[in-house]
Amino acid sequence: ANTDHGAWPSSIWNEETDENEEFDLVSELWQHLVEGQVAVLMEIGSEKYRYVTGQAIAVRWDGRVVHLSLNYIYEKAAREFGVDAKSITPAEY
């Protein structure tokens with residue numbers, strides 16, 4: 001990644017036009033998978049180690065995508081433990 005926030009590449013240098021061109025990695029990736037294959041992408045980043053973010057994306061050979069964010073843990077913990085999500089202290093400072 002070219003930032004401290006993680007993130008996979010989203011642009012590529014085009015030598016013919018001498019410019020950066022934006023692209024969607026997931027949309028490009030699934031086209032290279034054969035039937036039955038699944039690719040998993042994971043990223044994590046932070047802002048000066050205070051606010052940690054992360055996500056995972058699984059993409060199937062037909063373009064179907066499943067997404068998971070680290071922030072989902074608050075909702076899941078609230079449901080699992082029967083508490084209000086607002087009562088859970090965020091993992092940040």
Side-chain angles (χ1 to χ4, degrees):
N2 57 6
T3 71
D4 58 354
H5 300 292
W8 36 77
S10 61
S11 66
I12 189 167
W13 186 256
N14 184 330
E15 292 184 14
E16 292 178 12
T17 62
D18 209 28
E19 295 178 350
N20 269 331
E21 293 181 1
E22 299 292 320
F23 73 98
D24 179 357
L25 180 60
V26 174
S27 295
E28 294 288 329
L29 178 61
W30 76 263
Q31 298 176 51
H32 299 278
L33 300 175
V34 297
E35 188 171 335
Q37 286 187 322
V38 174
V40 174
L41 305 171
M42 289 190 257
E43 70 174 349
I44 190 161
S46 66
E47 180 186 331
K48 298 183 181 178
Y49 302 109
R50 291 183 292 194
Y51 307 105
V52 177
T53 62
Q55 67 174 334
I57 294 177
V59 59
R60 198 166 70 167
W61 77 93
D62 61 359
R64 184 172 173 205
V65 175
V66 176
H67 175 266
L68 175 67
S69 169
L70 281 179
N71 287 331
Y72 292 161
I73 190 62
Y74 299 107
E75 293 173 27
K76 185 171 179 135
R79 280 193 313 272
E80 184 71 24
F81 303 133
V83 299
D84 183 352
K86 295 177 184 176
S87 70
I88 301 172
T89 303
E92 60 190 30
Y93 72 91

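Bear in mind the structure is a predicted one, so any value in this text is a computation, not a measurement. Just so you know, residue 1 is the first one in the sequence shown, and it goes up from there.
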Task: Value rounded to 0.5 Å, distance of CH2 in Trp13 from CD in Glu19 - done: 7.5 Å
- [ ] Evaluate the criterion side-chain contact (heavy atoms from CB on, under 4.5 Å) for residue pair Val66 and Val38; output intermediate values, then yes/no.
- [x] CA-CA 10 Å; Val66 176; Val38 174; over 6 Å; no
Open item on the list: A quick test of your reading: do over 12 heavy atoms of other residues, nucleotides or ligands sit less than 6.0 Å from CD of Glu80?
Closed with: no
- [ ] Look up atom CD1 in Ile12 and atom CD in Glu22, then write down how far apart they are to the nearest 0.5 Å.
- [x] 11.5 Å
Open item on the list: Any salt bridge linking Arg60 with Asp62? Criterion: basic side-chain nitrogen under 4.0 Å from a carboxylate oxygen.
Closed with: yes
Task: Worked verdict on Ile88 versus Ile73 for side-chain contact (heavy atoms from CB on, under 4.5 Å) - done: CA-CA 10 Å; Ile88 301 172; Ile73 190 62; over 6 Å; no
Task: Val65 with Phe23, same ILVMFWY side-chain cluster at under 4.5 Å - done: yes
TODO: Working to the nearest 0.5 Å, report the span between CD of Gln55 and CG of Asn71.
DONE: 10.0 Å
Open item on the list: Restricting to non-hydrogen atoms, name the atom on Ala39 and the atom on Leu29 that form the minimum distance, rounded to 0.1 Å.
Closed with: CB-CD2, 3.6 Å
Task: Contact summary for Ala85 and Tyr74, nearest pair of heavy atoms - done: CB-O, 4.3 Å
Task: Heavy-atom side-chain contact between Val59 and Leu41 under 4.5 Å - done: no
Open item on the list: Under 4.5 Å between side-chain heavy atoms, counting indirect links through other Ile/Leu/Val/Met/Phe/Trp/Tyr residues: same cluster for Leu68 and Met42 or not?
Closed with: no
Task: Distance in Å, Asn20 CG paired with Asn14 CG, rounded so as to fall on 0.5 Å steps - done: 9.5 Å
- [ ] Could you grab the distance from atom CH2 of Trp61 to atom CD of Gln37, nearest 0.5 Å is fine?
- [x] 10.0 Å
